[in-house]
Amino acid sequence: MAEKIQKPRGTRDFYPEDMAWRRHLEARWRAVAVRNGFEEVDGPIYETLDLYKRKSGEGIVSELFSFRRTGGEVDYAVRAEFTPTLARMVAERANTMPKPVKWFAMPNLCRAEAPQRGRLREHWQWNVDVIGSDSPVADAEVIFTAVDLLREMGLTSQQVKVKVSHRDVVRRILLRMGVAEDKMIDAFTLLDRRDKITPDDFARQAAALGLDAATVERFNQVARTRLRSSDDWSRIVDDFGIPESDVTQLRLLHDQFHAFGIAEWCEYDLGIVRGLAYYTGTVFEIHETSGAERAIAGGGRYDNLIESFGGPATPAVGFGMGDVVLSLVLEDRGLKPTDVAPPADVFVLAATADAQPLVGPITAELRAAGLHTRFSYKTTTNVGKLLKDATNCRARFAVILDDKAASGTVGVKDLASGEQVEVARDALVEHLRDAI
RNA sequence: GUGGCUGUAGCUCAGUUGGUUAGAGCAUCGCGUUGUGGUCGCGAGGGUCGGGGGUUCGAAUCCCCUCAGCCACCCCA
């Protein structure tokens, strides 16, 4: 007997029920993106390794599945994120497209990290980007699109929150506290890790940024500043003693959230900075409020990235939402449907042995008419068992063939209501089309 | 990549201090009954006990290695 080979670590097989769910989710992603005015794009599942090095430096390489073709001289890597591909595509056509460009994609992405709950080595990610506008309207529109999807899936503003910050606003606050410009990246990293290290370590590392004891405490205050969107955002101005002009960008964002009607889904959290170095302005993460799962989505503004890929200076903002965490959250909340496979329209069955030869021809006729039609391979004429099979494939109607079929009529049973009528076989297709 | 926990049928789990041929419920499939989604009866398939090696007369059980999952770290697309 041949040795069994396991699937690669951290990957998934999609059996029919899993595949049905994936297709269902993808259909929702696509429908929401389209109604928000985005167009679908995709790129290759691998790129040259240089593309990823250019954006993230050598550090990213250890997380990539990279390879070289046998006998080849070029290093490639399976895509671990879509943004570099997007930037490359935009750079190539930047001058020929009306701005802003609004694109979405649903790529599968791979990364070579230790898998655990909510983090696998391959996942599908919904990417939504507005390219070519520096307006806060664009920031708000992509966040609106994310919220639109969450709402579509049945989640509420009580269950999930968009945590929003703005790197430039945080930078200004930290500058006034005395953090040197060349320590800003370190300061962001520390903000990002605020909840993962002890208060002592936090204070020690904050001090290492050149802050005195009193300022370290205020730095900590920044890290933990959270405002409900309904609160007065200008509290930040008072708390940190900074001029109102320093928070202008956050305030403009705040106005747009109200304009888009998503203010109740949003809250401000200055500790959110996102790990990626290329974010320049707005940054946000979407979390469920129970804290049980990882971030559902993350994104922000990356105004310098397109240019770094050889395109013209082009502002952009977008986010990625993975299928893994979203599915877990929906499951946690009892919002993940289990019956999303395509239901049958009709189930054809024979109640008598004499009628069995008619199952094939009638099935073929219905299928040719475009109806999703099923029948049983079982030889039984036990109507009860066959109706159970019909129910299992969620058929809307059962066509029941018995002795009357010889005289030209068949039974059509509505499986939801239980009502059954006799229909002339000649009129069967028309009858079912009208009913469905 | 590092450390900890876990691994028996598709699912949920039994399995005595190491002792015959590893069990149950549910699910699946088949047969029968009542002929319209139900009920009941009978039966079957399905496990090299995650994999490999070792100790032993004998291993699901003890030891080592390995793989996978989960948790934490790292990282966060």
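In what follows, chains are A, B, ... by sequence order, proteins preceding strands, each numbered from 1.
- Sorted by residue number, the members of residues 8-32 of chain A with any non-hydrogen atom under 4.0 Å from RNA chain B read A/Arg9, A/Gly10.
- Taking atom P in both B/C31 and B/G45, one finds a spacing of 16 Å when rounded to whole Å.
- Using modelled atom types, one finds a donor on one side chain and an acceptor on the other under 3.5 Å when comparing A/Thr85 with A/Glu47.
- Where pairing requires Watson-Crick or G-U contacts shorter than 3.5 Å, the helical stems of RNA chain B with at least three consecutive pairs are B:1-7 with B:67-73, B:10-13 with B:23-26, B:28-32 with B:40-44, B:50-54 with B:62-66.
- With sequence neighbours excluded, the residues that form a ring pair (Phe, Tyr, Trp, His ring centres under 6.0 Å) with A/Phe319 are A/Trp126.
- B/G69 and B/U28 have their C1' atoms separated by 26 Å, with the value rounded to a whole Å.
- Distance check on atom C1': B/G7 versus B/U66 gives 13 Å, rounded to whole Å.
- Taking atom CG on A/Leu191 and atom C1' on B/C76, their separation rounds to 16 Å, with Å as the unit.
- Within the 4.5 Å cutoff, no side-chain heavy atoms of A/Glu307 are placed close to those of A/Thr314.
- Using modelled atom types and a 3.5 Å distance limit, the side chains of A/Tyr302 and A/Asp129 yield a donor-acceptor pair.
- For A/Asp332, the side-chain hydrogen bond (donor to acceptor under 3.5 Å, both in side chains) criterion is met by no residue, not counting sequence neighbours.
- On the P atoms, B/G4 is 25 Å away from B/A14, given to the nearest whole Å.
- Side chain of A/Asp303 to main chain of A/Ala316: a donor-acceptor pair is present (N/O by atom type, distance under 3.5 Å, no hydrogens or angles).
- The gap from the P atom of B/C49 to that of B/C75 amounts to 41 Å, rounded to the nearest Å.
- No more than 12 heavy atoms of other residues, nucleotides or ligands lie within 6.0 Å of CZ in A/Arg433, so this atom counts as exposed by the packing criterion.
- Only the P atoms considered, B/A27 is 38 Å distant from B/C63, to the nearest whole Å.
- Across the C1' atoms, B/G58 and B/U21 are found 15 Å apart, a figure rounded to whole Å.
- With P as the reference atom, B/G50 and B/U8 are 6 Å apart, rounded to whole Å.
- Taking a 4.0 Å limit (strictly below) on heavy-atom distances, residues 117-131 of chain A reaches RNA chain B at A/Arg117, A/Arg119, A/His123.
- Looking only at side-chain heavy atoms (C-beta outward), A/Met97 and A/Ile131 stay at 4.5 Å or farther from each other.
- Note on A/Ala390: nothing from the nucleic acid sits closer than 4.0 angstrom, heavy atoms only.
- Closest heavy-atom contact between A/Glu26 and A/Arg23: OE1-NH1, 2.9 Å.
- Within a 6.0 Å radius of CD in A/Glu40, more than 12 heavy atoms belonging to other residues, nucleotides or ligands are found.
- Between A/Ser290 and A/Glu288, the side chains place a donor N or O and an acceptor N or O closer than 3.5 Å (distance only, hydrogens not considered).
- Atom CD of A/Glu39 has 12 or fewer heavy atoms from other residues, nucleotides or ligands within 6.0 Å.
- Shown here for A/Leu328 and A/Glu293, the closest heavy-atom pair between the two residues is CD1-OE1, 3.7 Å.
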Worked check of side chain to side chain contact (heavy atoms under 4.5 Å, CB included) between A/Phe104 and A/Arg30: CA-CA 8 Å; A/Phe104 79 97; A/Arg30 179 176 289 116; 3.9 Å; yes

Contact pattern, 5' to 3', of nucleotides 27-38 of chain B - B, S or - by protein heavy atom under 4.0 Å: ---SBBBB-BBS

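- Using a 4.0 Å cut-off, some side-chain N or O of A/Gln116 falls inside it from OP1 or OP2 of B/A72.
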